[in-house]
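Both backbone and side-chain heavy atoms feed into the values below; hydrogens, waters and symmetry mates do not.
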Amino acid sequence: MTLSFFDQFMSPTYLGIPLIAVALTLPWILFPTPTARWLNNRLITLQGWFINRFTQQLLLPLNLGGHKWAALLTSLMLFLITLNMLGLLPYTFTPTTQLSLNMGLAVPLWLATVIIGMRNQPTAALGHLLPEGTPVPLIPVLIIIETISLFIRPLALGVRLTANLTAGHLLIQLIATAAFVLLPMMPTVAILTSIVLFLLTLLEIAVAMIQAYVFVLLLSLYLQENV
């Protein structure tokens with residue numbers, strides 16, 4: 001029973017072919033495509049309003065050099081939200097519960113921000129490793145600590161997204177299993193457990209959206225330091 005709880009996080013395969021590629025391409029199929037009409041429908045209008053508001057909030061602290069990342073960060077935000085929300089449906093697979101996928105998104109984007117900082121303003125980028133006014137005896141120690149914290153950033157991005165989604169899916173499965181087992185023995189307790197399950201599902205919907213936003217927001221903060 002304990003091992004079966006974690007079976008939902010295994011990448012499904014069909015005839016030896018991993019189906020995670022299908023799960024990654026499905027969100028792009030669901031997005032509405034713009035039409036050549038003068039007036040769009042409600043769904044495209046709502047999507048355009050959401051993208052505009054999110055892009056404005058995301059690029060507000062960035063200078064003009066960071067605005068080149070608008071399309072990339074907004075697409076990543078929509079991609080992660082769609083993957084997280086689709087993973088809450090029954091009998092589905094959530095690719096963002098895989099640490100390898102999240103690290104594959106976090107490491108290249110974080111490395112790109114570091115390379116941009118080293119290329120455009122190397123003095124300021126290296127200056128982040130040593131705070132101003134540091135006593136001379138503490139300089140080597142602080143440089144080592146700041147360097148470690150710099151390289152931990154992509155790991156924190158990937159682990160945060162993986163841990164939050166994995167914990168939520170495990171809680172939902174545990175409470176759903178408890179409600180199913182208690183139904184024939186204690187119907188009242190099973191009903192109360194089902195109410196808790198419904199509230200937890202609403203919480204997980206919020207977590208799925210918030211974690212995607214936090215992932216992109218932290219990337220924009222890392223970009224802000226280097227542009």
side-chain contact (heavy atoms from CB on, under 4.5 Å) assessment of Phe151 paired with Trp110
CA-CA 9 Å; Phe151 283 97; Trp110 164 82; 3.7 Å; yes

Step by step, work out the side-chain contact (heavy atoms from CB on, under 4.5 Å) result for Leu200 and Leu203.
CA-CA 5 Å; Leu200 180 62; Leu203 177 63; 4.1 Å; yes

Determine whether Leu80 and Leu161 satisfy the following criterion, side-chain contact (heavy atoms from CB on, under 4.5 Å), listing intermediate values before the conclusion.
CA-CA 10 Å; Leu80 290 178; Leu161 184 59; 4.3 Å; yes

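Panel note: side chain Thr92, backbone Leu86; a donor-acceptor pair is recorded below 3.5 Å. Within the 3.5 Å criterion, the main-chain N or O of Val159 finds no donor-acceptor partner in the side chain of Thr162.
Linking Ile, Leu, Val, Met, Phe, Trp and Tyr residues whenever their side-chain heavy atoms come within less than 4.5 Å places Leu76 and Leu59 in a single cluster. Under the 4.5 Å side-chain heavy-atom criterion for grouping Ile, Leu, Val, Met, Phe, Trp and Tyr, Ile51 is connected to Trp69 within one hydrophobic cluster. Ile152 and Ile115 fall into different hydrophobic clusters, where Ile, Leu, Val, Met, Phe, Trp and Tyr are joined by side-chain heavy atoms under 4.5 Å apart, directly or via other members. Leu183 and Ile172 fall into different hydrophobic clusters, where Ile, Leu, Val, Met, Phe, Trp and Tyr residues are linked whenever their side-chain heavy atoms come under 4.5 Å apart, directly or through other members. Hydrophobic clustering (ILVMFWY, side-chain heavy atoms < 4.5 Å, transitive): Leu157 and Met209 are in one cluster.
Going from atom CG of Leu83 over to atom CG of Leu78 covers 11.0 Å, rounded to the nearest 0.5 Å. Of the inter-residue distances, the one linking His67 atom NE2 with Leu58 atom CG reads 9.0 Å to the nearest 0.5 angstrom. A distance of 14.0 Å separates CE in Met103 from CD in Gln98, rounded to the nearest 0.5 Å. Between the CD1 atom in Ile175 and the CG atom in Leu170 there is a gap of 11.0 Å [rounded to 0.5 Å]. Summarising the geometry, atom CG belonging to Leu24 is positioned 9.5 Å from atom OG1 belonging to Thr96; distances are rounded to the nearest 0.5 Å. Atom-to-atom distance recorded for Leu150:CG and Ile145:CD1 is 13.5 Å, nearest 0.5 angstrom.
Between Met118 and Leu126, some side-chain heavy-atom pair lies under the 4.5 Å cut-off. In this structure, the side chains of Leu73 and Leu109 stay at 4.5 Å or more apart for every pair of heavy atoms.
Under 3.5 Å, the side chains of Thr97 and Thr166 contain no donor-acceptor pair of N or O atoms.
Leu88 and Ala208 get closest at one heavy-atom pair: CD1-CB, 4.4 Å. Contact between Pro154 and Ala106 at its shortest, heavy atoms only, is O-CB, 3.7 Å.
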Contacts under 3.5 angstrom, residues 188-197 side chains, donor-acceptor by atom type, not counting sequence neighbours:
| from | atom 1 | to | atom 2 | distance (Å) |
| --- | --- | --- | --- | --- |
| Thr193 | OG1 | Val189 | O | 2.7 |
| Ser194 | OG | Ala190 | O | 2.8 |

Pairs of donor and acceptor atoms involving the side chains of residues 212-227, under 3.5 Å and at least two apart or interchain, shall be tabulated with distances.
| from | atom 1 | to | atom 2 | distance (Å) |
| --- | --- | --- | --- | --- |
| Ser220 | OG | Leu217 | O | 2.5 |
| Glu225 | OE1 | Arg153 | NH1 | 3.1 |
| Glu225 | OE1 | Arg153 | NH2 | 3.2 |
| Glu225 | OE2 | Arg153 | NH2 | 3.3 |
| Asn226 | ND2 | Tyr222 | O | 2.7 |

